[in-house]
Colleague: 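After the structure tokens below, expect a handful of questions from me.
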Amino acid sequence: MNNTSTTYIPESFDKHSFQQDLINWYQSIRRELPWRENQDPYRIWVSEIMLQQTRVDTVIPYFNQFMERFPTVKDLANADEQDVLKAWEGLGYYSRARNLHTAVKEVVATYDGQIPSESSELKKLKGIGPYTLGAIMSIAFDEPIPAVDGNVMRVMSRIFEMYDNIADQKSKKKFEQVVEAVISKEDPSSFNQGLMELGALICSPKKPKCNECPVSYYCTAFSKGIQEELPVKTKAKKQRTIAYFAMVIEADGQYLIQKRPAQGLLANLWQFPLVEQAEFPKDEAIHYIELEYGLNLEMIHEGKQVKHVFSHVIWVVYPIFCRVSDGDISTDHGQFVTLEDMDQYPLSKVQHKIKQQIATT
DNA sequence: AAGCCGGGGCG
DNA sequence: CGCCCAGGCTT
């Protein structure tokens, strides 16, 4: 069985014309984005990490603030992780920020702050996988290395009528081989970005705008009218739901928040204490916190239920507003801070939704 | 290979 | 509400 790219690329495919048409189109519609001002590898790197699983419009303000706060590799390397997470607050996938921070410190320690332009070195850095490696190498260093993301797999699956399941990790290697075979050596940066832009703007998952496509001439799926059938992708498993009580504990205008564990969901972010409803009914949850945290509490009122959908789990959180009844706020399960001071701590969206309910009461 | 890891936008 | 998105790490 022949698994090489030649299996997919027809004899009639005119690689050079394809490259020209794609690149010309990209140059004509190319947007001026903050990370496209120059070829600074640091800016390209940060942007590519932020753009993982995240749309351009969402990233723009985060990128600008991040660059203002951490203008250089060394600035970021010297920063506290809490400050890096604070800059990432709301973007999600916080391990991206922690890995980037780790990698940048590695660049300072091992490469004297100079981001390596050798792909074998770059690939060693935390958080730089096959896609990001290709993106940085092509955009910052003009090296013809494939940068295959979800967009590119969709585009390629249609142009070359590939039925590989894009949810399957091993399919990615096939797509990389195909891109490898057709990538422009003259302008790999525009070529790679053109493919991604095409996937984002024209070759969309549903109802692709084939009449506006600069490379529809080369597209096998379009010629057969089967563009909506591709790519093949198996469905993700449904998330399980976990129900929590969020204990909003107030004492003299201050509220108890605590740092989440260094591993797992929302690692190292801060939260109002959570109690799983499966473990404690409502009345027992307060009593549990009193015993465990060494606080005396009285309930004030119940809040409005907050639902939050993550990638693999759904949280339903029911806020319970309490007050410390005896003025003794000593506990080793977090710290009491004012709402104003809370702005210094990285909180997830869920926690912000709960915090919002304090302001309105 | 499968599971884990956020949040937002869109039909 | 389901699906998708400029993915990578861990197990």
Side-chain angles (χ1 to χ4, degrees), chain A residues 26 31 33-36 44-63 85 88-100 102-103 122-136 138-140 146-155 165-173 175-176 179 189 192-201 203-208 228 231 233-242 260-269 271 306-315 346-353:
Chain A
Y26 173 69
R31 290 171 287 179
L33 297 170
W35 48 89
R36 288 180 179 165
I44 307 291
W45 181 9
V46 171
S47 74
E48 289 301 337
I49 300 297
M50 285 188 171
L51 285 162
Q52 289 171 10
Q53 304 292 309
T54 312
R55 287 179 173 75
V56 169
D57 290 339
T58 305
V59 167
I60 291 172
Y62 281 92
F63 179 83
L85 285 175
W88 211 270
E89 182 184 65
L91 252 192
Y93 283 129
Y94 298 93
S95 65
R96 293 184 296 175
R98 298 190 295 130
N99 289 340
L100 174 62
T102 300
L122 203 53
K123 194 171 168 44
K124 293 178 189 166
L125 296 172
K126 199 91 165 166
I128 297 186
Y131 163 76
T132 309
L133 179 71
I136 297 174
S138 60
I139 299 170
V148 174
D149 65 353
N151 281 319
V152 173
M153 285 194 282
R154 184 171 58 257
V155 171
N165 177 10
I166 65 169
D168 194 338
Q169 280 182 245
K170 66 176 188 291
S171 300
K172 189 167 197 171
K173 288 202 172 76
F175 286 100
E176 283 167 355
V179 174
S189 173
N192 278 345
Q193 292 185 80
L195 278 184
M196 291 187 270
E197 204 84 338
L198 190 64
L201 301 180
C203 198
S204 43
K206 290 171 184 171
K207 299 191 190 303
E228 302 247 30
K233 186 180 184 183
T234 53
K235 287 179 178 145
K237 269 176 54 180
K238 282 181 99 177
Q239 307 99 318
R240 70 182 191 283
T241 299
I242 307 180
R260 291 177 58 82
Q263 304 286 329
L265 189 63
L266 304 173
N268 285 353
L269 274 69
Q271 66 178 12
V306 170
K307 181 180 178 180
H308 196 83
V309 179
F310 296 96
S311 309
H312 290 270
V313 68
I314 297 173
W315 279 10
L347 303 179
S348 72
K349 285 287 175 184
V350 194
Q351 300 300 328
H352 273 290
K353 289 180 195 169

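Quick note on labels: first sequence line is chain A, next is B, and so on, each numbered from 1.
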Colleague: Which residues pass the side-chain hydrogen bond (donor to acceptor under 3.5 Å, both in side chains) test with R96(A), sequence neighbours left out?
Modeller: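 So R96(A) forms a side-chain hydrogen bond (donor to acceptor under 3.5 Å, both in side chains) with T54(A).
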Colleague: For T54(A) and for D168(A), locate the closest nucleotide of DNA chain B by heavy-atom distance; then report the residue assigned to the nucleotide nearer the 5' terminus.
Modeller: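 Final value for this comparison: D168(A).
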Colleague: Figure out the NZ/P separation between K170(A) and dA1(B), and round it to whole Å.
Modeller: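 Atom-to-atom, K170(A) to dA1(B), this comes out as 5 Å.
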Colleague: How is Q193(A) classified with respect to the nucleic acid when contacts are heavy atoms under 4.0 Å: base, sugar-phosphate, or nothing?
Modeller: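 Nothing, no nucleic acid heavy atom in range.
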Colleague: On a whole-Å scale, what distance lies between the C1' atoms belonging to dG3(B) and dA6(C)?
Modeller: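 It comes out at 23 Å once rounded to the nearest Å.
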Colleague: Between the protein and nucleotides 8-11 of chain C, which nitrogen or oxygen pairs come in under 3.5 angstrom?
Modeller:
residue	atom	partner	partner atom	Å
dG8(C)	OP1	G129(A)	N	3.1
dG8(C)	OP1	G129(A)	O	3.4
dG8(C)	OP1	T132(A)	N	2.8
dG8(C)	OP1	T132(A)	OG1	2.6
dG8(C)	OP2	Y131(A)	N	3.2
dC9(C)	OP1	G127(A)	N	2.8
dT10(C)	OP1	K126(A)	NZ	3.1

Colleague: When the distance from CG of L51(A) to P of dG7(B) is rounded to whole Å, what number comes out?
Modeller: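 To the nearest whole Å, that distance equals 17 Å.
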Colleague: With rounding to whole Å, what would you report as the distance between dG6(B) and dT11(C) at their P atoms?
Modeller: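 To the nearest whole Å, 15 Å.
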Colleague: Using a 4.0 Å heavy-atom cut-off, does R36(A) contact any base of the nucleic acid, only the sugar-phosphate backbone, or nothing at all?
Modeller: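 Answer is base: heavy atoms of R36(A) come under 4.0 Å of a base.
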Colleague: Looking at T234(A), is its backbone amide N or carbonyl O close enough to the side chain of N165(A) to form a donor-acceptor pair, meaning the two atoms are under 3.5 Å apart?
Modeller: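 Confirmed, N165(A) side chain pairs with T234(A) backbone.
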Colleague: Check nucleotides 9-11 of chain B against the protein and report each pair of N or O atoms closer than 3.5 Å, with its distance, or say if there are none.
Modeller:
none

Colleague: Of the candidate nucleotides dC5(B), dA6(C), dG6(B), which contains the atom at the shortest distance from the side chain of F310(A)?
Modeller: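 Out of dC5(B), dA6(C), dG6(B), the nucleotide with an atom closest to F310(A)'s side chain is dG6(B).
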Colleague: Look at the side chain of L33(A) and decide which nucleotide, out of dA6(C), dC5(B), dG8(B), has an atom nearest to it.
Modeller: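 Output: dA6(C).
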Colleague: I'd like to check the side-chain hydrogen bond (donor to acceptor under 3.5 Å, both in side chains) partners of E197(A); sequence neighbours left out, ordered by chain and number.
Modeller: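 Per chain and number, E197(A) pairs via side-chain hydrogen bond (donor to acceptor under 3.5 Å, both in side chains) with R31(A).
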Colleague: Does K307(A) have a side-chain nitrogen or oxygen under 4.0 Å from the phosphate oxygens OP1 or OP2 of dC1(C)?
Modeller: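 Yes.
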Colleague: Tell me the interatomic distance from I44(A), atom CD1, to dA6(C), atom C1', rounded to whole angstroms.
Modeller: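 Rounding to the nearest Å, CD1 of I44(A) and C1' of dA6(C) are 12 Å apart.
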Colleague: Would you mind reading off the distance between F175(A) atom CZ and dA6(C) atom P, rounded to a whole angstrom?
Modeller: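 Rounding to the nearest Å, CZ of F175(A) and P of dA6(C) are 14 Å apart.
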Colleague: On the nucleotide dG6(B), are OP1 or OP2 found under 4.0 Å from the side-chain N or O atoms that H308(A) carries?
Modeller: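 For dG6(B), neither OP1 nor OP2 has a side-chain N or O of H308(A) closer than 4.0 Å.
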Colleague: Name the one of W88(A), W45(A), W35(A) that satisfies ring pair (Phe, Tyr, Trp, His ring centres under 6.0 Å) with F63(A)?
Modeller: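 Exactly one pass, corresponding to W35(A).
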Colleague: Calculate the interatomic distance between R96(A) atom CZ and dG6(B) atom P; express it in whole Å.
Modeller: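 So the two atoms are 9 Å apart, to the nearest Å.
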Colleague: Under the side chain to side chain contact (heavy atoms under 4.5 Å, CB included) test, which residues partner H308(A), sequence neighbours left out?
Modeller: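 By the side chain to side chain contact (heavy atoms under 4.5 Å, CB included) rule, H308(A) matches F310(A), K349(A), V350(A), K353(A).
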Colleague: Counting any heavy atom closer than 4.0 Å, what does G199(A) reach on the DNA or RNA strands: base, sugar-phosphate only, or nothing?
Modeller: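 No contact at all - G199(A) keeps every heavy atom at 4.0 Å or more from the nucleic acid.
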Colleague: Mind checking whether S311(A) and Q239(A) have side chains closer than 4.5 Å, heavy atoms only?
Modeller: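 With C-beta onward as the side chain, the pair stays apart.
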Colleague: Report the residues that fulfil side chain to side chain contact (heavy atoms under 4.5 Å, CB included) with A267(A), sequence neighbours left out, ordered by chain and then residue number.
Modeller: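 Counting only residues at least two positions away or on another chain, A267(A) forms a side chain to side chain contact (heavy atoms under 4.5 Å, CB included) with R98(A).
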Colleague: Starting the side chain at C-beta, find the nucleotide from dG2(C), dC4(C), dA6(C) nearest to M196(A).
Modeller: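 Closest nucleotide to the M196(A) side chain: dA6(C).
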Colleague: List for me each residue that meets side-chain hydrogen bond (donor to acceptor under 3.5 Å, both in side chains) alongside T241(A), sequence neighbours excluded, and say none if there are none.
Modeller: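 side-chain hydrogen bond (donor to acceptor under 3.5 Å, both in side chains) check on T241(A) returns nothing, list empty.
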Colleague: With sequence neighbours excluded, what pairs up with S138(A) under the side chain to side chain contact (heavy atoms under 4.5 Å, CB included) test?
Modeller: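 Checked S138(A) against side chain to side chain contact (heavy atoms under 4.5 Å, CB included); matches are P188(A), N192(A).
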Colleague: Kindly say whether, by distance alone, the side chain of S348(A) makes a donor-acceptor pair under 3.5 Å with the base of dG7(B)?
Modeller: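 Side chain to base: no pair below 3.5 Å.
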Colleague: Rounded to whole Å, how long is the line connecting atom CE of M50(A) with atom C1' of dA6(C)?
Modeller: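 That distance rounds to 13 Å.
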Colleague: Ignoring the backbone of K237(A), work out which of dG3(B), dA6(C), dC5(B) is nearest its side chain.
Modeller: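 In terms of side-chain proximity for K237(A), the closest of dG3(B), dA6(C), dC5(B) is dG3(B).
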Colleague: Which heavy atom of I44(A) sits nearest to which heavy atom of A140(A), and what is that distance?
Modeller: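 Residues I44(A) and A140(A), closest heavy atoms: CG1-CB, 4.0 Å.
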Colleague: Can you check the L266(A) CG to dC5(B) P distance for me, whole Å?
Modeller: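 Atom CG in L266(A) sits about 9 Å away from atom P in dC5(B).
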Colleague: Ignoring the backbone of R240(A), work out which of dC3(C), dG6(B), dC4(B) is nearest its side chain.
Modeller: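 Of the candidates, dC4(B) comes closest.
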Colleague: I314(A) CD1 to dC5(B) C1': how many Å, rounded?
Modeller: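 Distance, rounded to whole Å: 15 Å.
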Colleague: How is A267(A) classified with respect to the nucleic acid when contacts are heavy atoms under 4.0 Å: base, sugar-phosphate, or nothing?
Modeller: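 Contact class for A267(A): none.
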Colleague: For dC4(C), take OP1 and OP2 only and decide whether either is under 4.0 Å from a side-chain N or O of K206(A).
Modeller: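 So the side chain of K206(A) is outside the cut-off, no N or O lying under 4.0 Å from OP1 or OP2 of dC4(C).
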Colleague: Can you name the residues that form a side chain to side chain contact (heavy atoms under 4.5 Å, CB included) with R240(A), not counting sequence neighbours?
Modeller: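 With sequence neighbours excluded, R240(A) shows a side chain to side chain contact (heavy atoms under 4.5 Å, CB included) to I242(A), V313(A), given in chain and number order.
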